[in-house]
Amino acid sequence: MAPDQNQFMSPGIFIVFIASYFFLLLLISYLTTRKADAQSYFIGNKNSVWYLVAIGMISDSLSGVTFISVPGKVEVSSFSYLQTILGYILGYVIIAAVLLPLYYNRNLTSIYTYLQQRFGPITQKTGAVFFILSRLVGAAARLFLVAGVLQLFVFDYYNVPFALSVSIMIALMLVYTYRGGIKTLVWTDAMQSTFLLLAVVLTIVVICSDLNWNVGDLISNVASNPRSKTFFWDWKASNFFPKEFFGGMMIAVTMTGLDQNMMQKNLSCRSLGEAQKNIYSFSIMQLVVNVFFLSLGVLLYEYMSANALQVPLGADGRKLTDQVFPLLALTQLGTFASIIFIVGLTAATFSSADSVLTTLTTSFYIDILGQPTEGMDTQKKRLRNIIHVCCAIALLLTILLFKAFNESAVIDTVLFLATITYGPMLGLFAFGILNKRPIVDYGSVIVCVISPVLCFILSKYSTEWLGGYKFGNELLIVNGLFTYIGLWLFSKNKAALQPLQ
């Protein structure tokens with residue numbers, strides 16, 4: 001059911017703020033692309049400031065779905081998500097200590113070039129295809145879900161069709177990333193992270209003011225609230241601490257350290273040391289930001305309790321926790337909260353989606369087409385620009401495909417499939433780093449297709465086959481292990497390659 005527009009400020013004000021927001025992005029794009037070249041697009045001329053990269057990675061790692069879902073999910077899962085975040089920190093240590101030196105020592109622009117150097121061109125293309133598909137589908141699904149919120153609360157008021165509103169959003173992203181690439185994204189993402197953090201903090205301030213809580217009240221009430229329970233020890237449940245922690249560790253390694261979208265900005269830092277400082281700083285910021293998100297979730301439900309409000313229910317009676325934050329921010333908390341929610345949601349959404357256009361272009365250009373990034377002539381620049389535009393079109397078409405099906409179950413499945421495709425990348429890089437055995441190059445294709453299929457089947461039937469055991473984040477580790485074993489079966493029984501240092 002569409003919300004009553006009379007309950008909150010005119011959507012026209014939202015349009016003004018969103019337009020102003022994009023004006024800032026376009027201004028930053030203009031300022032950062034005046035002397036842009038090919039190396040600006042791909043690696044920011046190796047001149048990115050490490051702390052700006054670290055700040056920008058916050059919004060890049062937190063999609064609009066996270067912005068909405070994490071606070072709302074506190075009702076059903078408490079602070080269990082923090083177990084995963086704690087695992088992230090260990091994963092980031094592995095990235096800084098193992099993966100970044102590997103990438104910098106080999107002077108990589110696309111991290112999947114390592115797979116070509118270690119195994120061969122087919123494996124390189126296999127890793128790149130898995131990245132391109134998972135990132136394209138994942139970004140489209142996340143943008144679809146958040147665009148639906150903006151459509152419901154803003155664009156429907158003016159009878160703007162969903163296809164047109166999404167096309168405008170992607171066109172704007174295309175404009176400010178088209179030329180500057182990574183050089184622009186380092187600055188725009190830092191700005192968007194700032195807006196995202198301000199949105200969370202200011203929303204907390206608004207609710208505390210309404211509840212007449214000071215800082216001490218906030219800390220004590222959140223700490224003592226039953227929803228702030230963090231650690232869970234039922235080994236069969238998906239939120240069992242070791243599952244969440246070690247699964248979170250591997251999620252960080254794969255979805256940050258083995259993901260071109262997250263690593264390309266890291267590779268634009270001036271040196272390995274600065275890139276490592278960026279990762280370590282980012283890990284601490286990630287923990288702090290998620291504590292704020294979870295604490296906001298407690299506040300949302302305390303506000304609902306104080307005002308006799310109920311959690312929205314679906315047709316099947318299930319609590320629609322994803323709607324709690326948007327509904328309260330846009331219909332209950334006042335004009336100021338509405339504005340900061342829209343700005344924060346916009347920042348989270350576009351920061352996690354805009355960089356995808358650049359990194360998909362980079363991977364397709366280097367890994368699939370095998371084109372060099374040095375000495376680009378006019379023809380190669382035109383090819384890169386065509387790929388960039390095609391990636392934007394592919395993102396739009398995927399979103400419209402989701403809209404045509406219009407089933408949340410489809411989106412959930414797609415996001416799950418996008419997630420488990422990172423398992424093969426974990427196995428590929430682990431096999432390459434931990435031993436020196438060469439493989440039959442085409443074998444990687446077979447292994448990387450079979451492993452996710454096996455994990456999908458295992459996840460679906462685990463409760464029947466394993467006495468009620470439910471897989472959580474550790475499924476990623478199992479996926480990587482399947483891939484590792486499969487690659488071993490396709491490996492040659494001799495150390496034909498040089499040791500990796």
Side-chain angles (χ1 to χ4, degrees), residues 2-3 5 11-26 29 59-60 62-69 132-178 185 188-189 192 195-196 261 322-323 326 330 341-361 386-415 418:
Q5 297 291 344
I13 303 298
F14 292 141
I15 295 293
V16 170
F17 274 90
I18 293 174
S20 301
Y21 182 85
F22 275 109
F23 175 78
L24 284 175
L25 292 176
L26 293 173
S29 175
S59 58
D60 210 12
L62 297 173
S63 70
V65 178
T66 306
F67 184 77
I68 294 172
S69 294
I132 290 171
L133 290 177
S134 59
R135 264 299 175 176
L136 176 63
V137 172
R142 291 176 176 90
L143 191 54
F144 167 79
L145 290 172
V146 178
V149 174
L150 294 176
Q151 184 72 28
L152 182 64
F153 287 97
V154 180
F155 295 111
D156 278 348
Y157 183 80
Y158 294 103
N159 296 316
V160 177
F162 179 82
L164 178 59
S165 65
V166 173
S167 297
I168 293 171
M169 294 176 196
I170 294 178
L172 288 168
M173 286 192 293
L174 182 62
V175 168
Y176 71 81
T177 60
Y178 181 76
L185 287 171
T188 56
D189 283 357
Q192 296 189 107
F195 278 115
L196 172 63
N261 190 61
D322 284 355
Q323 293 187 12
L330 296 174
F341 173 81
I342 288 294
V343 171
L345 180 62
T346 304
T349 301
F350 291 102
S351 181
S352 62
D354 57 15
S355 58
V356 169
L357 298 181
T358 297
T359 51
L360 289 179
T361 300
I386 290 173
I387 296 171
H388 193 105
V389 173
C390 288
C391 288
I393 294 172
L395 182 62
L396 172 62
L397 293 177
T398 307
I399 293 171
L400 295 180
L401 187 62
F402 291 159
K403 178 64 175 177
F405 284 101
N406 199 28
E407 294 181 18
S408 60
V410 173
I411 302 300
D412 292 340
T413 301
V414 166
L415 287 174

Participant: Provide the closest heavy-atom pair for Phe195 versus Leu24 in the form atom of the first, atom of the second, distance.
Facilitator: CZ-CD1, 4.2 Å

Participant: Quick one: CD1 on Ile393 to OG on Ser167, what's the gap to the nearest 0.5 Å?
Facilitator: 10.0 Å

Participant: Of the non-hydrogen atoms in Gly344 and Leu196, which two are nearest, and what is the gap between them?
Facilitator: O-CD1, 3.9 Å

Participant: If you look at every heavy atom in Val356 and Ala139, which pair is closest and at what distance?
Facilitator: CG2-CB, 3.9 Å

Participant: State, to 0.1 Å, how close Ala140 and Ile399 come at their nearest heavy-atom pair, and which atoms those are.
Facilitator: O-CG1, 3.6 Å

Participant: Mind checking side chain to side chain donor-acceptor pair (under 3.5 Å) for Ser165 and listing every partner two or more places apart, or none if nothing turns up?
Facilitator: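 If we apply the side chain to side chain donor-acceptor pair (under 3.5 Å) test to Ser165, skipping adjacent residues, the hits are Gln151.
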
Participant: Can you measure from OG1 (Thr398) to CG (Leu133) and round to the nearest 0.5 angstrom?
Facilitator: 9.5 Å

Participant: Distance from Thr361 atom OG1 to Ile386 atom CD1, nearest 0.5 Å?
Facilitator: 11.5 Å

Participant: I need the minimum non-hydrogen distance between Leu360 and Ile132, along with the two atoms involved.
Facilitator: CD2-CA, 3.7 Å

Participant: Ignoring hydrogens, what is the shortest heavy-atom contact between Asp156 and Val160? Give both atom names and the distance.
Facilitator: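 Closest heavy-atom pair between Asp156 and Val160: OD1-O, 4.4 Å.
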
Participant: Please name the residue in the list Leu143, Leu401, Ile170, Leu174 that meets the side-chain contact (heavy atoms from CB on, under 4.5 Å) test with Leu396.
Facilitator: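 Result for side-chain contact (heavy atoms from CB on, under 4.5 Å) with Leu396: Ile170.
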
Participant: How many angstroms lie between CG in Leu400 and CZ in Phe162, if you round to the nearest 0.5 Å?
Facilitator: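 Leu400 atom CG to Phe162 atom CZ measures 7.0 Å (nearest 0.5 Å).
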
Participant: What verdict does the side-chain contact (heavy atoms from CB on, under 4.5 Å) test give for Phe402 and Val137, after you've listed the backbone C-alpha separation in whole Å, the side-chain angles of each residue and the deciding distance to 0.1 Å?
Facilitator: CA-CA 10 Å; Phe402 291 159; Val137 172; 4.2 Å; yes

Participant: State the CE-OG1 distance between Met173 and Thr358, to the nearest 0.5 angstrom.
Facilitator: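 Going from CE on Met173 over to OG1 on Thr358, the span is 10.5 Å.
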
